[in-house]
**Student:** 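Following this message is one structure expressed as structure tokens.
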Amino acid sequence: YKKKEYDVYFGGQITHQRRVELSHVMPTLNNSLYGPTKGFSQGDKPKDYYAKLASAKIAPCPSGAAVIDTFRFFESIELLTLPVADTINPKGIQTDFYKNMFGVNVPFNYVSNWNELNKLVPKLLDQYPNNMHQVVCWWIKQKRDLGIKIMGQINA
């Protein structure tokens, strides 16, 4: 797979408090690539964005603009990049979205304070690429199980 040039990458809009908090942390992380934008689809062309995301080992995934769920979480896994999920929605409310969606035994990390990245990133890098492989295998199983469930509903 693509050589990982960066340890951490975030490229995206800085439009609410969770992303502002991340914007203060990103420049402090070693070997990171940071590309803030003013709004949705105002940054890199998709091809360039995906190339940058694929070139990193870790991708912080702050809450989306309207809900905590974000494309970046799933895009990063598909591009063999470890996601770090958010636990606080764009309105500043703590949520268990990922636990409710996927259960408590998930192989990815999540944070409620983006300053935690300063301690979390070295730990993730120490376990890389094994932790990335665990997340990717988990995600493949999630997609397979969802497909089986959908087919079961269609054929019922």
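As the structure is a prediction and not an experimental result, all values here were calculated from the model.
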**Student:** What are the two closest heavy atoms between Val135 and Pro83, and how far apart are they?
**Tutor:** CG1-CD, 4.1 Å
**Student:** Any side-chain hydrogen bond (donor to acceptor under 3.5 Å, both in side chains) pairs touching residues 75-93, not counting sequence neighbours?
**Tutor:**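 Output for this query lists Lys4-Thr81, Arg18-Asp86, Tyr49-Glu75, Tyr50-Glu75, Glu78-Trp139, Glu78-Lys143, Thr87-Gln94.
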**Student:** Does Gln13 offer a backbone N or O that forms a donor-acceptor pair with the side chain of Thr37 under 3.5 Å?
**Tutor:** yes
**Student:** Quick one: do Leu33 and Leu82 end up in the same hydrophobic cluster if we chain Ile, Leu, Val, Met, Phe, Trp and Tyr together by side-chain heavy atoms under 4.5 Å apart?
**Tutor:** no
**Student:** Is any side-chain heavy atom of Leu117 closer than 4.5 Å to one of Leu22?
**Tutor:**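 When only atoms from C-beta onward are counted, Leu117 and Leu22 do touch, with a gap below 4.5 Å.
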**Student:** Please tell me if the side chains of Arg19 and Phe10 come closer than 4.5 Å, counting only heavy atoms from C-beta onward.
**Tutor:** yes
**Student:** Using side-chain contact (heavy atoms from CB on, under 4.5 Å) as the criterion, list what pairs up with Asp96, not counting sequence neighbours.
**Tutor:**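 Partners of Asp96 under the side-chain contact (heavy atoms from CB on, under 4.5 Å) test: Lys99, Asn100.
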**Student:** With rounding to the nearest 0.5 Å, note down the distance linking CG in Asn113 to CG in Leu120.
**Tutor:** 11.5 Å
**Student:** Angle class for the Tyr98/Phe73 ring planes (parallel below 30°, perpendicular above 60°, tilted otherwise)?
**Tutor:**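 Ring orientation, 0 to 90° scale: tilted.
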**Student:** Rounded to the nearest 0.5 Å, what separation is found between the CG atom of Leu53 and the CG atom of Asp48?
**Tutor:** 12.5 Å
**Student:** Could you tell me whether Asn30 atom CG has more than 12 heavy atoms of other residues or ligands within 6.0 Å of it?
**Tutor:**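 No, not enclosed.
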**Student:** Quick one: closest heavy-atom pair of Tyr110 and Val106, and the distance?
**Tutor:**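 Distance-wise, the nearest heavy atoms are CE2-CG2, 4.0 Å.
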**Student:** Decide whether Met132 and Val84 are clustered together by the hydrophobic rule: side chain heavy atoms of Ile, Leu, Val, Met, Phe, Trp, Tyr closer than 4.5 Å, transitively.
**Tutor:** yes
**Student:** Hey, are the side chains of Pro36 and Met26 touching, using non-hydrogen atoms and a 4.5 Å cut-off?
**Tutor:** no
**Student:** Can you name the closest pair of heavy atoms from His24 and Val20 and give their distance?
**Tutor:** CD2-O, 3.1 Å
**Student:** Between Ile154 and Leu146, is there shared hydrophobic-cluster membership here, with clusters defined by ILVMFWY side-chain heavy atoms closer than 4.5 Å?
**Tutor:**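 Result: yes, single cluster for both.
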**Student:** I'd like to know if the side chain of Ser55 reaches the main chain of Glu5, judged simply by a donor and an acceptor atom lying under 3.5 Å from each other, with no hydrogens or angles considered.
**Tutor:**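 No, because the side chain of Ser55 does not come within donor-acceptor range (under 3.5 Å) of the backbone of Glu5.
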**Student:** Once rounded to the nearest 0.5 Å, what's the spacing between atom SG of Cys61 and atom CD1 of Ile77?
**Tutor:**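 Output value for this atom pair is 8.0 Å.
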**Student:** Are Phe102 and Ile68 joined in one hydrophobic group, where the rule is that I, L, V, M, F, W and Y side chains link up if heavy atoms are under 4.5 Å apart?
**Tutor:**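 In one cluster: yes.
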**Student:** Considering all heavy atoms of both residues, which atom of Asp145 and which atom of Lys141 are nearest to each other, and what is their separation?
**Tutor:** OD2-NZ, 2.6 Å
**Student:** Determine the minimum heavy-atom distance between Lys123 and Lys119, stating which atoms define it.
**Tutor:**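 For Lys123 and Lys119, the tightest heavy-atom pair comes out as CG-O, 3.6 Å.
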**Student:** Has His133 got a side-chain atom pairing as donor or acceptor with Leu80's backbone, closer than 3.5 angstrom?
**Tutor:** no
**Student:** Sequence neighbours left out, what pairs pass salt bridge (charged side-chain N to carboxylate O under 4.0 Å, His left out) with at least one residue falling in residues 58-73?
**Tutor:**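 As it turns out, there is no salt bridge (charged side-chain N to carboxylate O under 4.0 Å, His left out) pair with a partner in residues 58-73 once direct neighbours are skipped.
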**Student:** Kindly compute the distance separating CD (Gln17) from OG (Ser63), expressed to the nearest 0.5 Å.
**Tutor:**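 The distance works out to 11.5 Å.
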**Student:** Which distance, rounded to the nearest 0.5 Å, do you find between the CD1 of Ile88 and the CD1 of Ile93?
**Tutor:** 10.0 Å
**Student:** Nearest 0.5 Å please: distance from the CG atom of Asn131 over to the CG atom of Leu124.
**Tutor:**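 Rounded to the nearest 0.5 Å, the CG-CG separation comes to 6.0 Å.
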**Student:** Could you walk me through whether Val8 and Tyr34 pass side-chain contact (heavy atoms from CB on, under 4.5 Å), step by step?
**Tutor:** CA-CA 8 Å; Val8 184; Tyr34 177 51; over 6 Å; no
**Student:** Compare all side-chain heavy atoms of Asp7 with those of Leu29 and state whether any distance is below 4.5 angstrom.
**Tutor:**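 No - every pair of side-chain heavy atoms lies 4.5 Å or more apart.
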**Student:** Would you call Leu125 and Ile58 a side-chain contact if the rule is heavy atoms closer than 4.5 Å?
**Tutor:** yes
